[in-house]
Each structure stands twice: as C-alpha cells, then as structure tokens.
Asks: 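Before I ask anything, let me first share the structure, which is written out below as structure tokens.
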Amino acid sequence: MEIWDLYTENREKTNQTMIRGEKVPEGFYHLSVTVCIFNSEGKMLIQQRVPSKDDWPNLWDVSCAGSAISGDTSQTAAEREVFEELGLKINLENERPHLTNYFADGFNDIYILNMDLDLSKLKLQAEEVQNVKWATMQEIFTMLDEKTFIPYHKSWIELLFHRSKTRSNKTSEITR
C-alpha cells in the first residue's frame with residue numbers, strides 16, 4: 001500500500017495523505033516524477049513494461065516514472081524510482097526538474113539526465129521492467145506508429161530529445 005502526500009495547486013504540502021488507487025480529493029494534487037536518461041550518442045534509455053502491468057502491459061516507455069510516496073521530495077522520488085526500476089543509484093540533490101507537466105489531479109516533474117550506462121549492469125525490477133535499450137527519437141516515433149510504445153504525443157518525445165541537447169554538459173552523478 002502506497003501513501004501519497006497531498007498538495008495544494010501551488011505545490012504546498014498539506015499534511016494530508018491518500019492511498020494510491022483512491023480518487024484524489026477535489027482541490028488536492030499529487031506528485032509524480034519521470035526520469036529520461038540520454039547517452040552521449042543522443043539516444044534515450046527506454047524500458048519495456050512487464051506483461052502483468054495493469055496499465056500499458058508489454059509497451060515500451062521512457063527511462064523511468066512513478067509516483068512520489070509520503071515524505072518524498074521530487075528529487076528523492078526520482079532517485080528512488082530509478083533505483084527501484086533500474087537498480088541505479090543517482091544523486092539529484094542539486095538538480096531541479098527540467099520540465100513540469102501539470103495534469104488534472106497532480107503534477108509530474110521531469111528530469112533529463114545525461115549519462116553513459118552499461119545496460120548489462122542494470123538490475124531491472126522484475127515486477128515492473130522486462131527489458132531496456134537505447135533508442136533514437138526516430139526509433140521511438142516508429143514504435144509509436146507501431147503502437148509498441150506508450151501513446152505519448154510525438155511532440156513531447158521531441159521536446160525531451162531537444163532538452164537533452166540544450167541542458168548543461170554536466171553529466172549526472174551516479175553514486176556507488
């Protein structure tokens with residue numbers, strides 16, 4: 001059972017919580033995070049969801065995503081999701097989200113990281129992720145057309161790739 005903190009529309013924590021799966025109470029919002037990892041070749045790390053997922057089974061998705069749990073900051077939620085799904089410890093202490101997407105009952109902070117990874121060393125979360133690979137924007141567009149990728153707008157994928165090239169040359173920190 002996951003407990004989520006509830007926020008005001010201005011992202012102020014309310015000291016109220018809810019249980020994942022319940023309807024977000026009207027006038028409140030919850031926090032989710034997305035992490036998109038790009039390598040030095042300009043390819044995005046994408047993951048394939050397991051067949052048992054309720055939403056989008058077997059489809060490919062961006063590097064990592066999930067909801068913040070009670071007590072998480074945006075950064076700690078992103079760090080936890082990357083560790084849970086990919087077995088990769090990262091440090092986002094000095095990072096801000098590169099984009100925020102506001103939706104009906106919450107907001108999604110999006111982190112764009114540049115790092116080269118040996119995919120064979122990742123420890124995939126068996127309950128969530130069945131495979132990972134590097135993909136170009138065009139490869140993701142083809143997957144979208146083939147309906148093998150979660151149906152994001154191509155313009156959103158294009159924005160992620162563009163932002164990966166325009167952010168600072170700083171390579172995100174992997175902790176050991």
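All heavy atoms count here, side chains included; hydrogens, waters and symmetry mates do not.
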Asks: Distance alone, cut at 3.5 Å: any donor-acceptor contact between the side chains of Q130 and N58?
Replies: yes

Asks: Any salt bridge between K89 and E79, counting N to O under 4.0 Å?
Replies: no

Asks: Rounded to the nearest 0.5 Å, how far does CD of Q48 lie from NZ of K133?
Replies: 8.0 Å

Asks: Would you list the pairs meeting side chain to side chain donor-acceptor pair (under 3.5 Å) in which at least one residue belongs to residues 29-45, sequence neighbours left out?
Replies: S32-N108, T34-N108, S40-D116

Asks: Please find the pair of heavy atoms, one from T8 and one from F107, that lie closest to each other, and give the distance.
Replies: O-CE2, 4.1 Å

Asks: Minimum heavy-atom separation for E84 and Q125, please, with both atom names.
Replies: O-CB, 3.0 Å

Asks: Scan L159, V33, L160 and name whichever one has a side chain to side chain contact (heavy atoms under 4.5 Å, CB included) with I110.
Replies: L160

Asks: Could you tell me whether the side chain of V82 reaches within less than 4.5 Å of the side chain of L92, counting heavy atoms only?
Replies: no

Asks: Quick one: CD on E158 to CZ on F141, what's the gap to the nearest 0.5 Å?
Replies: 5.0 Å

Asks: Tell me the salt bridge (Lys or Arg N to Asp or Glu O under 4.0 Å) pairs involving residues 62-75, sequence neighbours left out?
Replies: D72-R80

Asks: Quick test of your reading: applying side chain to side chain donor-acceptor pair (under 3.5 Å), list the pairs with at least one residue in residues 141-151, sequence neighbours left out, ordered by first then second residue.
Replies: D145-K154

Asks: Hey, is R11 close enough to D109 for a salt bridge, meaning N to O under 4.0 Å?
Replies: yes

Asks: Just grab all the ring pair (Phe, Tyr, Trp, His ring centres under 6.0 Å) pairs involving residues 35-70, residues at least two apart or on different chains.
Replies: F38-F161

Asks: Does the side chain of I46 come within less than 4.5 Å of V62's, by heavy atoms?
Replies: no

Asks: How far does CG of L144 sit from CD of Q138, to the nearest 0.5 angstrom?
Replies: 10.0 Å

Asks: How about K13: does its NZ atom have over 12 heavy atoms from other parts shown lying under 6.0 Å from it?
Replies: yes

Asks: Quick one: pull up CG in L86 and NZ in K123 and give me the separation to the nearest 0.5 Å.
Replies: 12.0 Å

Asks: If you look at every heavy atom in S74 and Y111, which pair is closest and at what distance?
Replies: OG-OH, 2.5 Å

Asks: If you look at every heavy atom in A126 and V50, which pair is closest and at what distance?
Replies: O-CG1, 3.3 Å

Asks: Kindly give the heavy-atom pair with the smallest separation between N91 and E93, and that separation in Å.
Replies: OD1-N, 2.8 Å

Asks: Restricting to side-chain hydrogen bond (donor to acceptor under 3.5 Å, both in side chains), what partner residues turn up for E85, sequence neighbours left out?
Replies: Q47

Asks: Do D5 and T17 pair up side chain to side chain, a donor and an acceptor below 3.5 Å, judged on atom types alone?
Replies: no

Asks: Got a sec, which residues hit salt bridge (Lys or Arg N to Asp or Glu O under 4.0 Å) with E2, two or more places apart in sequence or on another chain?
Replies: R20

Asks: Report the distance from atom CD of E81 to atom SG of C64, rounding to the nearest 0.5 Å.
Replies: 5.5 Å

Asks: Please report the shortest heavy-atom distance between R49 and K53, naming the atom on each side.
Replies: NH2-CE, 3.2 Å

Asks: Working to the nearest 0.5 angstrom, can you tell me the gap between F28 CZ and D105 CG?
Replies: 12.5 Å

